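Report on the structure given below.
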Amino acid sequence: MPEILEVERYRALAEQALDRPVARVWMIDARYGRGGTTPPRLRAALLGRTFEAARRRGKLLLLDVKDGPTLGVRFGMTGGLVVDGREALDRLRYGPGVFDDKWVRARVAFTDGGSVLVHDPRRFGSLQLAPDEERLGPDALSLTRSQLRGAVATVPARTYAAVAPLKARLMDQERVAGIGNLLADEILWRAGLDPERRTPLTEEELVGLHRSVRATLRQLARRGGSHTGELMEERHPSGRCPLDGAALRRDTVGGRTTFWCPAHQH
DNA sequence: ATTGTGGCCTGCCCGC
DNA sequence: TGCGGGCAGGCCACAA
């Protein structure tokens, strides 16, 4: 799960790990590193230094290291952050919902006795020193209308290339950073737009989609996360649209399981 | 260049 | 009761 709302909570928690000298580094799972980030390199990058800022772009957590390379943390589907024994979330929807030492993939201990660790049962997350932040599109939490217009624009580079479905464009992290499968379904449902839509949006539809992005993120953040949308309880084979009662359709769009209402999403 | 597909990885849940 | 298979999905490699 962790989508942008959850990673933002991780980021806020990570601020408690700032300005504390690193005493020890364990990268318990060597395969957790990506892009050449190995246990020795991670250790060399962090030992004796401090984190000086906790930033986020989309679902990527960025921990700036004073006089060192930024550490990027991706949480995949079941990743969580724990600082001084405190978790940012009570439970991850697709995780087992419990903490187990065997799922700790990396741990950093500070000289003051505290620590920060990454917990990830499914191991879809990763650590990467100096990740390429610029590959990510504009952050969904501060997305402007014109940024969204550019992100969902339908301009195939070649005539033989099909236009990707609207949902796939919305979930493409290079177009907009931070929207995952659950949020995408909720946003499109609220906007009344067909996830498979490939024709250009009218200006009115674009404005509606932008409002939906902002309202959905704001509201679900207040409620406690990506899984608190209206559509969530109906994400099963016999689910019904909370708006009009129509039977929801379950399709694969952009390679992802998609629930949507054929009665009001066009 | 862009879009589409399969695979990674583990736990859960269903049906036999 | 136990077991196999399908499923969940963020992200990447690779194919088209």
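Model, not experiment: these values are computed from the prediction. Numbers restart at 1 for each chain; the letters A, B, ... are given by sequence-line order, proteins then strands.
Each of B:dG4, B:dT10, B:dC8 was ranked by its minimum atom distance to the side chain of A:F124; first place goes to B:dC8. Among B:dC9, C:dA8, B:dT3, the nucleotide with an atom closest to any side-chain atom of A:R123 is B:dC9. Counting only heavy atoms from C-beta on, A:R175 has its side chain closest to B:dT2 among C:dC11, C:dG10, B:dT2.
Using a 4.0 Å heavy-atom cutoff across all strands shown, A:R250 reaches sugar-phosphate atoms only and no base atom. Contact annotation for A:T257: backbone-only contact, meaning every heavy-atom pair under 4.0 Å involves sugar-phosphate atoms and none involves a base.
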Side-chain donor/acceptor pairs under 3.5 Å, residues 241-248 of chain A, sequence neighbours excluded:
unit_1	atom_1	unit_2	atom_2	d
A:D244	OD1	A:A246	N	3.0
A:D244	OD2	A:H264	ND1	3.3

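A:D64 and A:T70 share a side-chain donor-acceptor pair at under 3.5 Å.
Using a 4.0 Å cut-off between charged side-chain N and carboxylate O, A:R256 and A:D185 make no salt bridge.
Shown here are the ring pair (Phe, Tyr, Trp, His ring centres under 6.0 Å) partners of A:F259, two or more places apart in sequence or in another chain: there are none. Judged as a salt bridge (Lys or Arg N to Asp or Glu O under 4.0 Å), and not counting sequence neighbours, the contacts of A:R135 are A:E174. A:R56 pairs by the side chain to side chain donor-acceptor pair (under 3.5 Å) definition with A:E8, A:D139, not counting sequence neighbours. Remark: A:R249 engages A:D251 in a side chain to side chain donor-acceptor pair (under 3.5 Å) (not counting sequence neighbours). Scored by the side chain to side chain donor-acceptor pair (under 3.5 Å) test, A:R86 finds A:Q16 as partners (sequence neighbours excluded). Qualifying side chain to side chain donor-acceptor pair (under 3.5 Å) partners for A:E234, counting only residues two or more places apart in sequence or in other chains: none.
Rounded to 10°, the angle separating the first-five-pair axis and the last-five-pair axis of the helix from B:dT2-C:dA16 to B:dC16-C:dG2 equals 50°.
Regarding A:L127, its CG atom lies at a distance of 14 Å from the P atom of C:dC11, rounded to whole Å. Rounded to whole Å, atom C1' of C:dG9 lies 12 Å from atom CE of A:M232. Remark: P of B:dC9 and CG of A:D120 are 12 Å apart, rounded to the nearest angstrom. Rounded to an integer number of Å, the gap from A:K59 NZ to C:dG10 P is 5 Å. One interatomic measurement links the two molecules: CG of A:D172 to P of C:dG10, which rounds to 13 Å at whole-angstrom precision. When rounded to the nearest whole Å, the span between CE of A:M171 and C1' of C:dG9 equals 8 Å. Distance A:E174 CD to C:dG10 P: 16 Å, rounded to the nearest Å. If you measure from atom CZ of A:F75 to atom P of B:dT10, you get 19 Å, rounded to the nearest angstrom.
Residue-to-nucleotide contacts include no donor-acceptor pair under 3.5 Å from the side chain of A:R122 to the base of B:dG11.
OP1 or OP2 of B:dG11 lies within a sub-4.0 Å distance of a side-chain N or O belonging to A:W103.
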At a cut-off of 3.5 Å, list every protein nitrogen or oxygen paired with a nitrogen or oxygen from nucleotides 12-16 of chain C, distance to 0.1 Å.
unit_1	atom_1	unit_2	atom_2	d
C:dC12	OP1	A:R34	NH1	3.1
C:dC12	OP1	A:R34	NH2	2.3

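Counting heavy atoms of neighbouring residues, nucleotides and ligands inside a 6.0 Å radius, atom CZ of A:R211 does not exceed 12 of them.
Annotation: of the two residues near DNA chain B, A:A164 and A:R31, the 5′-most nearest-nucleotide partner is A:A164.
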